[in-house]
Undergrad: 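Structure provided below as structure tokens; questions to follow.
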Amino acid sequence: MPQAFQVPRGTQDVLPPTSTAWQHAEASFREVCHRYGYEEIRTPVFEEAALFARGIGDVTDIVSKEMYVFEDRGGRHLALRPEGTAGVVRAFIQHGLAAPKAVWKVYYIISIFRYERPQAGRYRQSHQVGVECFGAPGPDADAEVIALNMAWYDSLGISDHGLTLNSLGCPVCRPSHREALQSALRAVAPQLCETCQGRIDRNPLRVFDCKSPECKALLAGAPSTLDHLCPGCQAHFDTLRTTLEALELPYEIDPRLVRGLDYYTRTAWEVKFTGLGAQDALCGGGRYDGLVEGLGGHPTPGIGFAAGIERALLTLAELGIEAPGALPRGVFVAGLGDKARGRALLLAEGIRRAGVRAETDYFERGLGAQLRLADRLAARYAVILGDDELASGQATVRDLESGVQEAVALDAVPEWLRARCVA
Ligand code: HAM
């Protein structure tokens, strides 16, 4: 036998009934987004690689180590998207959607690709839900996006999580923080790992991405962006905090939270669930007021977040929360004998056309086996068709909950079931 294939490392198949949980998570997200006035955007799975290098930053791990880059047959330098924001910003600019005093609010449900070391909760192809909001400069937009983010977890039943918040400042206050951080880092440079040493001059904020315990310990007292906020950033942060408190959205401040992407300005946040182990970040987001301009558009503020679907589902499993079943309860049509089986197929189709889920037997089983199958399929009614029923023109319809049977004219069966099964 030829060798069978396996999924590529770091990817997984989603089979039923697990796919039901995915549909539930995605449907809840759509519902929440629609409540907040967001509409869906779909962008390509691959983009020019330079878009991500410029948007996310070429010193970030995502761009420098994890991106799936390739050349197509026409010699174009492309990349599978490692996240959703850059593509959405590209679309916003390309379609000329910037307008004064107008806000553009979109959501997406996408797969992303990062060449990371696979482990529980970390994959090379993973899936995100996310939103982006363009044009709203004030902290009320930040509060609304954070509220939407929390509303999704609430709708899934995940309320036991931690929201951490930070402000990363803006081009006005960043230089003084950068300088203070660089001089603190230079003082301990020989003890830092090689990667962090390389970051001191190129992009010092990225040292906070380092996972090495030695670097983390050395960075414990490093200057934080919060100590260097300009009056505008301070006021934005203070108002956001007051608004979150008024909305009863609890949070903690983490001055070490810098996120792994370079585009953030001012607000940044993450939600963690400790039950997930090492990969405990459920989602992350923030404001990116310079990104549209940096990618060639009119200066437009932006803010958004993305949340891992796999990690949300792992959290639900950890909490013992089950997704509702995907398939509606329906009807099993049991045909007995060649003639009745042929009629059962037609009747099942008529029932489906009337809007009710209907299943039949594919293996010429006897009545007992077919009713057991109806049970396994959680059918609400069984329609039994044998020679007697064909002769009388009436099917036997059995209520599988009460066991009560009734004779219903064959032609009237679909409508009879529709009236009882479709809410
Ligand atoms: P991110 O923090 O890189 O942000 O990713 C957001 C979430 O995606 C993570 O918290 C995690 O749940 C999930 N995730 C990321 N990589 C993986 C992986 N390899 N395996 C499993 N889950 C993963 C962004 O992507 C930004 N674009 C968020 C954003 C939108 N900021 C503003 N707008």
Side-chain angles (χ1 to χ4, degrees), residues 9-12 14 25 29 33 38 41 43 47 51-52 55-57 60-63 65-68 80-92 104-134 136 141-142 145-146 148-149 152-153 156 158 161-164 166 168 206 208-209 257-273 276-292 295 301-316:
R9 188 165 144 76
T11 70
Q12 48 184 354
V14 178
F29 185 69
C33 286
Y38 282 72
I41 182 168
T43 63
E47 300 266 2
L51 168 70
F52 301 115
I56 301 168
T60 58
D61 284 353
I62 296 180
V63 170
K65 301 186 192 157
E66 298 167 1
M67 215 154 60
Y68 278 87
L80 296 182
R81 64 177 164 217
E83 57 107 51
T85 311
V88 174
V89 171
R90 195 255 323 123
F92 178 77
W104 193 58
K105 304 198 294 188
V106 289
Y107 74 87
Y108 48 84
I109 300 177
I110 57 172
S111 40
I112 60 161
F113 305 86
R114 296 183 189 178
Y115 192 81
E116 296 190 83
R117 197 170 50 74
Q119 63 180 85
R122 190 165 69 192
Y123 314 94
R124 289 182 175 168
Q125 176 177 353
S126 67
H127 299 79
Q128 288 184 337
V129 298
V131 310
E132 311 296 347
C133 169
F134 296 89
D142 306 34
V145 174
I146 294 175
L148 185 167
N149 187 169
W152 182 53
Y153 290 125
L156 292 177
I158 304 174
H161 54 65
L163 167 63
T164 49
N166 193 17
L168 299 176
R206 294 272 67 91
F208 292 108
D209 294 340
L257 175 70
V258 296
R259 312 268 303 114
L261 309 98
D262 276 351
Y263 48 62
Y264 293 111
T265 51
R266 297 191 164 171
T267 312
W269 73 92
E270 273 184 10
V271 171
K272 286 188 196 301
F273 180 74
L276 286 183
Q279 301 307 314
D280 61 354
L282 282 182
C283 67
R287 182 165 273 287
Y288 45 83
D289 290 345
L291 184 57
V292 174
L295 290 176
I303 181 165
F305 76 91
I309 298 181
E310 287 88 348
R311 293 190 193 172
L313 297 179
L314 287 169
T315 305
L316 289 179

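Nothing here was measured: the structure is a model prediction, and the numbers come from that model. When a ligand or atom number is given, it counts from 1 through the structure's own listing order.
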Undergrad: Number the atoms of ligand 1 from 1 as they appear, then name those within less than 4.0 Å of a heavy atom of Y263, with their elements.
TA: 26 (C), 27 (N), 29 (C), 31 (N)

Undergrad: Picking from H127, Q279, Q128, Q125, what satisfies side chain to side chain donor-acceptor pair (under 3.5 Å) with E310?
TA: H127

Undergrad: Does only the side chain of Q279 get under 4.0 Å from ligand 1, or the backbone, or both, or neither? Count heavy atoms.
TA: neither

Undergrad: Would you say Y108 has any N or O atom under 3.5 Å from an N or O of ligand 1, going by distance alone?
TA: no

Undergrad: Is it true that D61 and R206 make a salt bridge, defined as a side-chain N closer than 4.0 Å to a carboxylate O?
TA: no

Undergrad: Inspect the contact between R259 and E270 and indicate whether a charged nitrogen and a carboxylate oxygen are less than 4.0 angstrom apart.
TA: yes

Undergrad: May I ask whether G130 has any heavy atom positioned less than 4.0 angstrom from an atom of ligand 1?
TA: no

Undergrad: At a non-hydrogen distance cut-off of under 4.0 Å, which region of S126 contacts ligand 1 (side chain, backbone, both, or neither)?
TA: side chain

Undergrad: Compute the shortest N/O to N/O distance between L261 and ligand 1 and return yes if it is under 3.5 Å, no if not.
TA: no

Undergrad: Looking only at heavy atoms, which two atoms of A91 and I41 are closest? And how far apart?
TA: CB-CD1, 4.1 Å

Undergrad: Would you tell me which option among F305, Y264, Y288 has the nearest heavy-atom contact to atom 31 (N) of ligand 1?
TA: Y264

Undergrad: Could you see which bit of I303 sits under 4.0 Å from ligand 1, with heavy atoms only: side chain, backbone, both or neither?
TA: neither

Undergrad: Under 4.0 Å from ligand 1, counting heavy atoms only, is it the side chain of E310, its backbone, both or neither?
TA: neither

Undergrad: Checking W152 now: which residues fulfil ring-ring contact (aromatic ring centres under 6.0 Å, His included) with it, not counting sequence neighbours?
TA: F29

Undergrad: List the closest protein heavy-atom neighbour of atom 4 (O) of ligand 1: residue, atom name, distance to the nearest 0.1 Å.
TA: R259 NH2, 2.9 Å

Undergrad: Run down the list R124, E66, R114 and name the one with the heavy atom closest to atom 3 (O) of ligand 1.
TA: R114

Undergrad: With sequence neighbours excluded, tell me which residues meet side-chain hydrogen bond (donor to acceptor under 3.5 Å, both in side chains) with Q119.
TA: R122

Undergrad: Of the backbone atoms (N, CA, C, O) and the side-chain heavy atoms from C-beta on, which set of R122 has a member under 4.0 Å from an atom of ligand 1: side chain, backbone, both, or neither?
TA: both

